[in-house]
Amino acid sequence: MPAQASTERQAPDQAKRRRVLTAKVGLDGHDRGVKVVSRALRDAGVEVIYAGLRQTPEMVVEAAIQEDVDAIGVSLHSGAHMTLIPRILELLKERNATDIVVFGGGIIPQDDADALKKIGVVEIFGPGTSLQSIIDFVNKGFKAA
Amino acid sequence: MSLAGGLLSGDVRALARAISLAEDRDPQATALVAELQPQTGRAFLVGLTGSPGTGKSTLADALVKVIRDRQQTVGVIAVDPSSPFTGGAVLGDRIRMSRHTLDKGVFIRSMGARGHLGGLAAATREAIHLLDAYGRDVILVETVGVGQSELEISTICDTVVLVLMPESGDAVQTIKAGILEIADVFVINKVDLGGAEKTRRLIQDAMALGPRQAWRPPILMASAAKEEGIGPLWDAILGHQAFLKESGGLAARRQQRLKQEVVALVAERARDEARRVLDGDTAVGRRLRENRNGKLNPYALAEEVLGQRGPQGGS
């Protein structure tokens with residue numbers, strides 16, 4: 001199809017949209033980061049379903065399935081990431097939904113991030129991550145750069 | 001198992017997938033909805049509409065609670081706007097209904113409007129049919145925050161609830177045509193803010209000026225966040241449903257709806273077809289692209305496009 005981008009806005013009703021569920025899991029009220037990321041993903045053309053604060057892994061997985069998302073982005077600043085994120089992966093397995101990619105962000109030490117990646121988390125974005133690198137990650141089909 | 005089989009056997013994933021196909025305007029979705037057609041027509045369809053920030057999602061959450069307490073299952077379709085520039089969206093209605101996430105009797109789906117006007121998404125109708133076939137007793141459809149003339153909800157639901165809040169306009173606002181005319185039930189939410197009684201009187205006065213009709217839309221007061229007035233609101237909605245059934249209005253509405261749906265389907269195909277002709281390697285498409293002085297006549301071009309029947313294919 002000829003390039004018409006300059007004269008015609010993208011037809012938002014045409015293309016297959018990527019959908020991402022973002023959530024804060026556990027007892028953790030630090031939602032500024034997840035909101036900024038949600039907004040950035042929106043601007044990158046993603047449909048972001050923001051599930052909000054104090055979600056349990058069970059709620060996150062159920063919502064992800066109902067919303068039929070491509071990926072789940074969890075944000076944690078509470079230190080409970082080694083409990084809650086593996087539980088999300090486990091539940092996705094139980095529900096035969098391992099095609100849903102999981103990525104995370106927040107305050108997660110490098111050793112823990114490495115351990116989480118070993119068990120199936122595709123990427124962990126720590127403090128100082130540029131929004132562009134998160135957008136690139138999404139645009140590359142949720143693959144690490 | 002096929003998607004239809006999965007959906008009919010209660011598989012949440014199959015339902016969710018099917019809605020995505022409809023959202024992506026995949027031809028499979030059309031076939032699926034057609035296949036499931038015999039299983040539809042049982043659900044009670046309730047629309048929630050109103051301006052942004054009037055509390056539609058919170059009200060939906062509170063209504064879901066009441067409906068569940070009365071042993072019925074619910075499907076919620078919550079539409080939020082998509083960006084006209086990127087197509088992206090932040091769908092934030094679900095956040096108000098978090099407590100129902102793990103209830104198997106509740107299915108919540110967020111939808112981006114994806115360029116569709118009128119307060120809904122193009123796939124909202126399909127999603128309703130799919131939830132209906134899935135066996136939900138009640139389907140709540142929440143529109144995007146609307147203005148005065150996004151009235152499409154009235155063409156897809158049995159009962160339209162218009163959500164208002166105190167201090168949302170004077171007497172001139174209430175005699176205007178449009179959104180106020182499609183309400184079957186009014187609810188003034190956020191009554192705790194004060195000024196609700198004045199708003200109620202304004203609506204009541206405006207209604208009194210209208211022609212006498214068999215159904216007089218009741219005006220309810222509620223505070224969704226405090227879960228006050230929700231039971232009576234649901235009773236009022238059921239009252240309208242009962243009225244529709246007794247008066248024969250339900251059959252009439254559904255027939256009207258069928259017509260609207262056919263029109264919408266034809267219009268969507270025609271729009272796609274027009275884009276394909278204009279973007280494709282056609283005489284009219286080339287003329288449009290090569291034109292530099294803006295002197296083309298849109299009426300003549302439209303006639304030419306309408307004359308090009310059959311797929312011309314994109315280049």
Side-chain angles (χ1 to χ4, degrees), chain A residues 1-5 7-24 31 34-70 91-92 95-97 99-100 135 138, chain B residues 11-13 15-21 23-26 75-76 78 80 82-104 106-116 121-123 268 271-272 275-276 278-281 285-286 288-289 314-315:
Chain A
M1 201 172 281
Q4 298 279 304
T7 53
E8 194 179 7
R9 288 172 180 176
Q10 276 187 45
D13 50 340
Q14 294 297 304
K16 157 118 182 74
R17 288 268 140 227
R18 283 155 304 166
R19 289 168 65 88
V20 175
L21 182 94
T22 54
K24 293 290 298 183
D31 60 353
V34 71
K35 282 179 178 159
V36 170
V37 170
S38 297
R39 166 66 202 255
L41 291 176
R42 182 202 101 176
D43 290 340
V46 175
E47 275 183 1
V48 183
I49 298 106
Y50 178 46
L53 295 172
R54 294 184 288 281
Q55 301 289 299
T56 64
E58 284 77 7
M59 289 161 88
V60 168
V61 169
E62 183 60 42
I65 286 173
Q66 291 184 9
E67 298 288 356
D68 193 33
V69 293
D70 304 291
L91 287 163
L92 284 172
R95 303 288 298 269
N96 281 325
D99 53 300
I100 300 176
I135 291 164
V138 172
Chain B
D11 178 8
V12 186
R13 261 217 123 178
L15 172 64
R17 277 278 154 80
I19 296 176
S20 296
L21 288 175
E23 289 196 284
D24 294 335
R25 308 322 279 158
D26 189 308
V76 180
D80 263 333
S82 300
S83 162
F85 302 106
T86 67
V90 172
L91 310 176
D93 292 328
R94 189 179 185 99
I95 200 168
R96 320 282 173 206
M97 309 174 213
S98 226
R99 62 173 162 163
H100 301 298
T101 305
L102 296 179
D103 179 350
K104 298 277 175 232
V106 181
F107 178 95
I108 302 165
R109 181 62 178 241
S110 317
M111 270 189 171
R114 301 194 185 184
H116 190 82
E268 187 179 3
R271 210 161 30 231
D272 290 347
R275 286 208 185 98
R276 201 155 52 229
L278 290 173
D279 290 341
D281 188 23
R286 276 193 300 275
L288 188 71
R289 285 192 293 277
S315 61

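Here the structure is a predicted model, which is why all the values come from computation and not from measurement. Here is how names work: the chains are called A, B, and so on, in the same order as the sequence lines, proteins then strands, and each is numbered from 1.
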Okay, A:A97 and chain B: the region with an atom under 4.5 Å from a heavy atom over there is both
Okay, A:A51 and chain B: the region with an atom under 4.5 Å from a heavy atom over there is backbone
Whatever's closer than 4.5 Å to a heavy atom in chain A on B:R109 counts as both
Cut-off 4.5 Å, heavy atoms of chain A, and the answer for B:V106 is backbone
Pairwise distance [atom1]([X]) to [atom2]([Y]) - rounded to 0.5 angstrom:
X	Y	atom1	atom2	answer
A:D68	A:L21	CG	CG	11.5 Å
A:I135	A:R42	CD1	CZ	11.5 Å
A:Q66	B:R94	CD	CZ	5.0 Å

Answer key: most heavy-atom pairs under 4.5 Å with chain B among A:T56, A:I65, A:T22 is A:I65
Residue from A:A63, A:S38, A:A44, A:G52 scoring the most non-hydrogen pairs under 4.5 Å with chain B is A:A63
Side chain to side chain contact (heavy atoms under 4.5 Å, CB included) with A:V46: of A:R19, A:R18, A:R17, only one passes, and it is A:R18
Across all chains, not counting sequence neighbours, the side chain to side chain contact (heavy atoms under 4.5 Å, CB included) partners of A:R54 are A:L27
